[in-house]
Each structure stands twice: as structure tokens, then as C-alpha cells.
Amino acid sequence: MNNPNFENLPTRLGVYTLTRYIGCRDGAALYFANQSHVERGVVVEVLQPGALHSEVEAFLASARARVAAALPHVTQVFESMVSDDIWYLTQERPEGRNVERVAREKGGLTPTQICTIIEAAATLYQAAADNNVAAGTIAVHDIYMSADDRVNFLSPVQTGEHSAEMVVPQQQGLATVLSQFLPKEGTPGYSRVVTLLDWMMNGYEGEVVDWTALKDTAATVREQLAPLLRREHVSGLSGKTRGAVERQFKRDRRKFIKNLIIGGIAGVIVLVAGIIGYVCAPTSGESLPANDGSTITCLLGNNVVKVAIRPVTIREYEAFLVAFEDTFNRDERKRYLKDVPSHDVSRRPLDWEAQLAAAMHGAVYNGKPINMDSPVTGVSYWDALVYARYCNATLPTADLLQTARTDGKAEVSVCEWTTDFSSASGIYEAGAILLPADAATPSILEPDRSTRKPGYGFRIVYP
């Protein structure tokens with residue numbers, strides 16, 4: 001046969017009919033194609049006619065490496081062949097559509113789709129490292145998603161062996177691809193996937209985040225965001241049907257958040273104790289029950305209350321913050337923000353991104369190693385108050401906190417906000433800083449309740 005006319009498709013190459021050009025890799029052109037007789041869709045990678053002998057040898061070596069490698073989420077590579085002096089390689093056509101086409105339909109990928117792609121790529125690359133297989137970067141034309149968001153890649157396998165130096169270009173290459181498909185700013189989960197992509201591009205504090213860590217992080221974010229984004233699935237329904245579906249979503253959401261906050265989120269990065277803690281809020285009015293053994297029974301006047309043994313954690317506060325920023329509607333926010341100064345609409349702690357990132361990586365923050373179960377700090381009194389309302393709880397008085405510490409052995413690990421500023425108890429300075437039991441009572445001025453300081457945390461009291 002004659003050399004195929006690559007400018008005019010479809011065209012024949014051996015037993016394959018090339019139907020559409022999809023990209024290029026290392027001097028070879030990639031095409032969708034159909035195989036005669038067996039009616040099988042494939043991807044054909046064609047080394048351009050007239051290639052030098054050294055280029056042919058490199059192409060064949062790459063083909064052998066890809067045929068030999070079996071990696072998760074990677075399509076099967078069948079064989080390399082030659083037809084009329086044109087060398088080509090065939091591989092299984094991925095299920096679904098190219099990620100660029102998926103994104104084009106809705107003006108970008110959803111945060112959960114981006115997380116799913118990161119998870120799949122991380123699984124692929126970690127398996128390649130474990131099996132000492134060299135793998136290059138993933139390009140736009142290599143990523144495919146099915147209707148249910150399952151991900152497959154064209155094989156990125158190269159000749160040679162795996163090396164640690166490959167991780168940075170792998171992550172940067174994928175981050176570059178996914179960055180062009182980000183959803184609109186303000187979409188639930190937008191800031192979280194942007195942070196993930198930033199870690200892939202730049203590392204965390206100059207250190208590369210390994211693939212396993214990124215996979216666990218992406219999985220956690222995806223699982224949290226799923227209840228938020230499922231709302232879109234009922235937008236086309238109307239009336240009674242939509243109402244029934246939305247009510248079921250709310251029931252699922254309440255169950256999910258209870259499990260999240262009561263039980264905690266398990267698993268997260270290898271380098272970390274936890275990651276981007278998460279998810280939706282309970283519906284308005286839903287209480288947050290305390291775990292057995294997690295509270296101390298105390299008297300507040302004539303009332304019996306339960307004081308949390310531990311201050312609110314970074315994991316718990318992040319779950320609240322996701323709910324406050326991504327889930328609550330305007331009326332819900334207005335209810336939670338009653339009597340809170342109008343100039344302070346954000347509930348983000350001081351230096352929140354740095355604190356959260358350090359917790360995710362088990363790193364040092366303000367001189368201490370922290371993780372997702374460490375107390376959240378840098379919160380204002382108003383932050384603490386809104387969180388307490390979210391849990392259908394209150395903040396402790398200074399005397400109640402002192403009682404919980406001395407009589408109930410409540411954990412003391414950070415300075416804490418209380419509802420009052422009397423100096424009589426001698427346990428705080430400026431309304432928050434806990435002092436040793438024998439410390440002299442300082443002269444105190446009532447602090448600005450909007451102040452956010454690195455050492456300030458809080459705990460809550462259940463009725």
C-alpha cells in the first residue's frame with residue numbers, strides 16, 4: 001500500500017483505519033482508529049514516515065516497555081508493527097471521552113472530577129514506582145473519563161527504570177493539564193482543588209508531596225464534596241419529584257456529617273495525620289451529640305451541662321468551614337451570624353491556609369508539630385461563637401472552664417475563649433489565655449472579640 005495521507009482522514013494503515021488525530025508524543029502521531037474484521041476501536045501511535053534508524057529503535061524500545069507494563073488505569077498496549085516502512089503501535093481505546101471534551105460541555109471539570117483524575121494518576125504513578133517502571137508525564141490527549149467519571153489513561157510508560165526525579169515533572173505535568181479545566185471560582189471545592197494543584201506544581205514548603213499523600217488528600221476532598229455537588233443532579237427535576245430527592249439528600253447529608261464529626265475522618269496522607277477535613281453541615285437545628293467519654297459533666301448555675309474534654313480540632317473546624325462557605329444559604333448564615341459584627345463575615349482563622357497545610361502534613365506550626373486532630377487556633381471569639389451555634393452548643397464561662405480543668409481533668413493545650421472576661425478566676429489573660437493555677441491574676445482589659453491570635457482556641461459546652 002501507499003504511505004497513508006495523514007492530512008486526509010479516514011485513511012488506511014495496515015488493518016487499521018485512522019479516523020481522527022488526537023495528539024502527538026515524542027515525534028509520533030496519535031489517532032483514533034478502527035481495526036478491520038474485529039470491529040475494535042483502538043488508538044494507533046504512528047512514527048512519521050522517513051524516521052531515522054535511531055528514532056525507530058527508540059520507538060520500538062518504548063513500545064516494548066509499554067507492552068510489558070501493566071499499570072492501573074492504563075489502557076492495554078497490544079503490539080508494534082510496520083506497514084510499508086511505517087512503524088506504529090496499537091493500544092486499547094480508553095473508555096469514555098477525552099477530558100478536554102468533558103470539560104468543554106460545562107465550562108470546566110467539577111472539583112470531584114479533578115480529584116478523581118488526581119487519584120487515578122497517583123495510583124498509576126505509585127504502582128509504576130513500586131514496580132520500578134519509568135513513566136513520563138500525562139498530556140491532555142492521554143486522559144479519558146466515562147459517564148460515571150471512571151478515569152483511564154493512554155500509557156505514559158517510558159524506557160528505563162523509575163527514579164525519584166520523575167515525580168516532580170509527573171506532578172507538574174498533570175497539574176498544568178488540570179489547571180486549564182478548573183471550574184468557576186466560587187464553585188464548592190474550588191479552593192481545595194486549587195490548593196492540591198499548587199502542591200503538585202510547587203510542593204509544600206519546598207518539599208515534594210508524594211503521590212500516595214496526594215491520592216489520599218484528593219479522595220478525602222472528593223468524598224466530602226460529593227454531597228454538595230449532588231444537588232446539581234436534581235436541578236432538572238421539578239415539583240414533587242425534586243422535593244423528594246432533595247429531602248433524601250438532606251437525610252444522607254445529616255447522616256454523613258454525624259459520622260464525620262463524631263467518628264472523625266480516617267486515613268489521609270502518608271506524611272500526615274489527616275487532610276483537608278470536610279464536608280457538609282447538618283441541617284439547621286440539628287444537634288451534634290458528644291461522644292461517650294468526650295465530655296465532662298458540670299454544673300452551670302442550676303443546670304447540668306457537658307463540657308468538651310478537648311478543644312475544637314482543626315479537622316472539626318474545617319468541616320464547619322466547608323459547610324459555612326459552601327453549603328449554608330444566605331438565611332442560614334444570617335441566623336448563625338446574629339449579633340456578630342457585620343464587618344467580620346469570614347470565619348477563617350488567622351493564617352488558616354498555613355495552619356491547615358501544616359496539619360495535613362504533620363508539620364510544625366507556631367513552634368509545635370500539629371495534625372488534623374490538634375486544636376484549631378487563631379480564631380476570634382465570634383468564630384468560636386458561630387461554631388458553637390452550628391453545633392447547637394455554647395461557649396464556656398471562665399469559671400466553668402476552670403472547673404472542667406481542675407475537677408474534670410479537661411485537656412489544656414491552647415489558650416481559650418470564654419464568654420466572660422472577669423479576672424476573678426485567674427485562668428486567662430485578655431479573655432482567653434490560660435495561666436498556671438498559681439499564676440498571679442493579671443490586670444485585664446476586655447479584649448476585642450474580633451481579635452484572632454495564633455494561640456487562641458476554644459471548646460464548646462453541650463446543654
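Throughout, numbering of the chain's residues begins at 1 and tracks the sequence.
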Note to self: I need the C391 SG to I460 CD1 distance, nearest 0.5 Å.
What the structure shows: 4.0 Å
Next item on the list: Please test R389 against L385 for side-chain contact (heavy atoms from CB on, under 4.5 Å), starting from the C-alpha separation and ending with a verdict.
Entry: CA-CA 6 Å; R389 289 173 176 174; L385 178 64; 3.7 Å; yes
Next item on the list: Verify salt bridge (charged side-chain N to carboxylate O under 4.0 Å, His left out) between R192 and E318, making sure each step is shown before the conclusion.
Entry: CA-CA 11 Å; R192 288 157 183 79; E318 171 65 3; 3.0 Å; yes
Item checked: Shortest non-hydrogen contact from T159 toward A134 -> O-CB, 3.7 Å
Next item on the list: Using modelled atom types only, decide if a donor and an acceptor are shared between the side chain of Q355 and the backbone of T377 within a distance under 3.5 Å.
Entry: yes
Check: For the residue pair P111 and P188, what are the closest heavy atoms and their distance?
Finding: CG-O, 3.2 Å
Checklist line | Stepwise side-chain contact (heavy atoms from CB on, under 4.5 Å) check, V43 with T75 | finding: CA-CA 10 Å; V43 172; T75 55; over 6 Å; no
Margin query: Please check if the number of heavy atoms outside N131 that lie under 6.0 Å from its CG is greater than 12.
Written below: yes
Margin query: Looking at every non-hydrogen atom in both residues, tell me the closest pair between A135 and M166 and how far apart they are.
Written below: N-SD, 3.9 Å
Check: Backbone N or O of V379 within a donor-acceptor pair of the W417 side chain at under 3.5 Å?
Finding: yes
Check: Does N392 offer a backbone N or O that forms a donor-acceptor pair with the side chain of Y462 under 3.5 Å?
Finding: no
Next item on the list: Measure from the side-chain N and O atoms of H73 to the backbone N and O of V151, and report whether any donor-acceptor pair falls under 3.5 Å.
Entry: yes
Notebook entry, point to check: Who passes side chain to side chain contact (heavy atoms under 4.5 Å, CB included) against T313, sequence neighbours left out?
Noted result: R310, R315, E316
Notebook entry, point to check: Does atom CZ of R40 have more than 12 heavy-atom neighbours, drawn from other residues, nucleotides or ligands, at distances under 6.0 Å?
Noted result: yes
Item checked: Check against side-chain contact (heavy atoms from CB on, under 4.5 Å), S450 and Y381 -> CA-CA 6 Å; S450 296; Y381 172 84; over 6 Å; no
Next item on the list: Working to the nearest 0.5 Å, report the span between OH of Y125 and CG of D130.
Entry: 14.5 Å
Next item on the list: Answer whether the closest heavy-atom distance between the side chains of R222 and Q113 falls below 4.5 Å.
Entry: no
Check: Any idea which heavy atoms bring V140 and V99 closest together, and the distance?
Finding: O-CG1, 3.9 Å
Item checked: pair M200-L214: side-chain heavy atoms closer than 4.5 Å -> yes
Note to self: Can you tell me how far apart CG (N152) and CD1 (I117) are? Round to the nearest 0.5 Å.
What the structure shows: 11.5 Å
Note to self: With a 3.5 Å distance limit and no angle check, can you tell me whether D142 reaches the backbone of F153 through a side-chain donor-acceptor pair?
What the structure shows: no
Check: Can you check whether E100 reaches F181 side chain to side chain, under 4.5 Å on heavy atoms?
Finding: yes
Next item on the list: Measure the shortest side-chain to side-chain distance between T217 and T195 over non-hydrogen atoms and say whether it is less than 4.5 angstrom.
Entry: no
Check: Who are the side chain to side chain contact (heavy atoms under 4.5 Å, CB included) partners of S155, not counting sequence neighbours?
Finding: R66, V74, V77, Q91, V157
Notebook entry, point to check: Side-chain contact, heavy-atom cut-off 4.5 Å: R347 with V340?
Noted result: yes
Check: Do R333 and F324 have side-chain heavy atoms sitting under 4.5 Å apart?
Finding: yes
Notebook entry, point to check: Which residue pairs pass the side-chain hydrogen bond (donor to acceptor under 3.5 Å, both in side chains) test when at least one of the two sits in residues 169-184, sequence neighbours left out?
Noted result: Q170-W211
Notebook entry, point to check: Does a side chain donor of either D148 or S146 reach within less than 3.5 Å of an acceptor in the other side chain?
Noted result: yes
Check: With sequence neighbours excluded, what pairs up with N329 under the side chain to side chain contact (heavy atoms under 4.5 Å, CB included) test?
Finding: D331, E332
Next item on the list: Specify the closest pair of heavy atoms between A69 and V133, including all atoms of both residues, with the distance to one decimal.
Entry: CB-CG1, 4.3 Å
Notebook entry, point to check: For the atom pair OH (Y390) and OH (Y317), what is the distance rounded to the nearest 0.5 Å?
Noted result: 11.0 Å
Check: What distance separates K215 NZ from C115 SG, expressed to the nearest 0.5 Å?
Finding: 13.5 Å
Check: Does atom CZ of R20 have more than 12 heavy-atom neighbours from other groups under 6.0 Å away?
Finding: yes
Checklist line | Derivation and outcome, side-chain contact (heavy atoms from CB on, under 4.5 Å), residues E95 and R150 | finding: CA-CA 8 Å; E95 181 183 356; R150 284 179 294 168; 2.8 Å; yes
Item checked: Side chain to side chain, V194 and L182, heavy atoms closer than 4.5 Å -> yes
Notebook entry, point to check: Shortest non-hydrogen contact from G41 to R93?
Noted result: O-CB, 3.4 Å
Item checked: Under the side chain to side chain contact (heavy atoms under 4.5 Å, CB included) test, residues paired with P72 that sit two or more places apart -> T123, A127
Check: About how many Å separate OG of S191 and CD of E353, when rounded to the nearest 0.5 Å?
Finding: 6.5 Å
Check: With sequence neighbours excluded, what pairs up with F458 under the ring pair (Phe, Tyr, Trp, His ring centres under 6.0 Å) test?
Finding: Y387
Check: Quick one: does Y365's side chain have a donor or acceptor within less than 3.5 Å of a partner on G362's backbone?
Finding: no
Next item on the list: Give a yes or no answer on whether the side chain of N98 reaches the backbone of I143 with a donor-acceptor pair at less than 3.5 Å.
Entry: yes
Note to self: Is any side-chain heavy atom of T110 closer than 4.5 Å to one of P183?
What the structure shows: no
